[in-house]
Amino acid sequence: MEFDVLEQLLPKILESGMSLIWSLAFLFIGLKLIQFLRKLLRGALERSNVDTGVVQFLDALVKFAAYAVLILALMARFGIQTTSLITLLGSAGVAIGLSIQGSLANFAGGVLILMLKPFVVGDYISACGCEGTVAEISLFATTLHSADNRNVVLPNGTLSNSNITNYSANETRRVDMSVDVAYNSDLKRTRQIIEDILDHDEKILTDPSCVVAVNDLGDSGITVLIRPWVKTEDYWEVKWRVLEKVHDRLNEEGIEIPFPQMTVHMESEQKVN
């Protein structure tokens with residue numbers, strides 16, 4: 001009796017086992033195919049000199065879509081009616097969409113960023129109260145590497161609707177600096193010293209020309225404006241070096257850089273007898 005039951009079950013067990021083996025093989029081939037297609041896509045986009053952010057975005061999108069197709073195909077192999085499932089998912093899509101409006105907004109924001117290109121991977125930007133070098137533009141968020149080596153993740157929806165300052169967009173930048181000198185200082189000599197420092201700095205561009213001018217008559221001294229032009233990548237190096245040299249040269253020439261000060265006039269009260 002037991003032998004008869006085993007004889008009846010054996011074909012079903014073999015059939016189920018073969019179905020499982022074929023499904024595992026299908027899964028393995030599907031995963032390898034997805035990996036190959038992603039590699040092929042990335043290679044084609046990189047050879048076309050497409051922005052790194054676009055490559056990352058499309059790769060993530062293809063990965064998501066391919067895995068969804070693979071899961072549906074596996075479900076079909078096990079006899080699950082995917083047509084009704086897709087219909088059910090479509091019906092639930094409206095409700096799900098309302099509950100994940102933020103994620104959809106981030107996705108749309110990512111598409112806008114890639115289309116309008118306010119920045120690309122490698123640019124140094126300031127947005128949403130944060131700043132850093134763009135490391136990755138993904139489906140829903142953009143990752144920045146800050147100057148002190150922190151990862152800052154900004155939602156694409158918020159980022160696309162905020163003011164973005166791209167410090168790397170142009171090849172040159174103007175370095176805005178200023179120094180205060182005492183009211184009894186020789187302004188012509190002060191300008192000569194600063195212009196000499198700028199003229200001998202190899203990283204400072206000659207076109208556009210530098211500006212050295214009196215900008216303000218302050219409470220404690222006269223503010224002299226210093227505005228050279230440099231290549232974007234030389235901005236901080238030039239700013240730090242020029243300020244140090246201006247300080248040292250003005251001290252050597254006896255030109256005073258005043259501290260904040262205030263003049264107080266005291267009036268004596270006359271007593272009336």
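Values in this document were obtained by computation on a predicted structure and should not be read as measured data. Starting from 1, each residue takes its place in the sequence as its number.
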Apply the test side-chain contact (heavy atoms from CB on, under 4.5 Å) to residues Ile125 and Leu144: give CA-CA distance (whole Å), side-chain angles for both, the deciding distance (0.1 Å), then the verdict.
CA-CA 9 Å; Ile125 68 169; Leu144 308 181; 3.9 Å; yes
Stepwise, does the salt bridge (charged side-chain N to carboxylate O under 4.0 Å, His left out) test hold for Arg189 with Glu253?
CA-CA 9 Å; Arg189 180 56 183 159; Glu253 296 287 337; 3.2 Å; yes
Worked check of side-chain contact (heavy atoms from CB on, under 4.5 Å) between Leu198 and Val212:
CA-CA 10 Å; Leu198 301 180; Val212 180; 3.8 Å; yes
Which is it for Asp196 and Arg249 under the salt bridge (charged side-chain N to carboxylate O under 4.0 Å, His left out) test, yes or no, and what are the steps along the way?
CA-CA 10 Å; Asp196 181 66; Arg249 285 285 302 277; 3.3 Å; yes
Apply the test salt bridge (charged side-chain N to carboxylate O under 4.0 Å, His left out) to residues Asp148 and Arg150: give CA-CA distance (whole Å), side-chain angles for both, the deciding distance (0.1 Å), then the verdict.
CA-CA 6 Å; Asp148 56 353; Arg150 293 177 298 164; 3.1 Å; yes
Take Lys188 and Thr190, measure what side-chain contact (heavy atoms from CB on, under 4.5 Å) needs, and give me the verdict at the end.
CA-CA 5 Å; Lys188 291 184 179 180; Thr190 301; over 6 Å; no
Run the numbers on Asn151 and Thr143 for side-chain hydrogen bond (donor to acceptor under 3.5 Å, both in side chains), then give the verdict.
CA-CA 7 Å; Asn151 282 357; Thr143 302; over 6 Å; no
Checking Cys130 against Leu154 for the side-chain contact (heavy atoms from CB on, under 4.5 Å) test, could you report, in this order, the C-alpha distance in whole Å, the side-chain angles of both residues, the deciding distance, and whether it holds?
CA-CA 9 Å; Cys130 305; Leu154 300 176; 4.2 Å; yes
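Listed here is the closest heavy atom pair of Ile164 and Leu159: CD1-O, 3.5 Å. Between Ser168 and Thr232 the shortest heavy-atom distance is CA-CG2, 4.2 Å. The shortest heavy-atom contact between Leu217 and Tyr183 is C-OH, 3.3 Å. Here the closest non-hydrogen pair linking Val230 and Lys203 is CG1-O, 3.7 Å. The minimum heavy-atom distance between Ser162 and Ala127, with the atom names listed, is OG-CB, 4.2 Å.
In this structure, Glu237 places its CD atom where more than 12 heavy-atom neighbours from other residues, nucleotides or ligands lie under 6.0 Å away.
One hydrophobic cluster holds both Ile226 and Val214 under the rule that ILVMFWY side chains link at heavy-atom gaps under 4.5 Å. When the side chains of ILVMFWY residues are joined at heavy-atom separations under 4.5 Å, either directly or via intervening members, Trp236 and Met177 end up in a single hydrophobic cluster.
A heavy-atom distance below 4.5 Å is found between the side chains of Asp201 and Val242. Put simply, the side chain of Leu205 does not reach to within 4.5 Å of the side chain of Pro228, judged on heavy atoms. In this structure the side chain of Leu250 reaches within 4.5 angstrom of the side chain of Val179, judged on heavy atoms.
A side-chain donor-acceptor contact under 3.5 Å links Asn166 to the backbone of Pro118. Checking side-chain atoms of Asn161 against main-chain N and O of Gly157 turns up a donor-acceptor pair under 3.5 Å. With hydrogens and angles disregarded, no donor-acceptor distance shorter than 3.5 Å links the side chain of Ser209 to the backbone of Thr206. No donor-acceptor pair under 3.5 Å is formed between the side chain of Asn106 and the backbone N or O of Ala141. Judged by distance alone, the side chain of Asn156 and the main-chain N or O of Ser138 form a donor-acceptor pair under 3.5 Å. Under the 3.5 Å distance criterion, the side-chain polar atoms of Asp248 are left unmatched by any main-chain donor or acceptor of Lys245.
Taken to the nearest 0.5 Å, the CD atom of Gln192 stands 11.5 Å off from the CG atom of Asp199. Of the inter-residue distances, the one linking Cys210 atom SG with Ile197 atom CD1 reads 11.5 Å to the nearest 0.5 angstrom. Distance check, rounded to the nearest 0.5 Å: CD of Gln35 to CG of Leu31 gives 8.5 Å. Once rounded to the nearest 0.5 Å, the distance linking CZ of Phe119 with OG of Ser126 reads 11.5 Å.
At a cut-off of 3.5 Å, with distance as the only test, a side-chain donor of His247 or Asn251 sits close to an acceptor on the other residue. No side-chain donor from either of Thr223 and Asn215 sits under 3.5 Å from a side-chain acceptor of the other.
Residues meeting the ring pair (Phe, Tyr, Trp, His ring centres under 6.0 Å) test with Tyr235, sequence neighbours left out: none.
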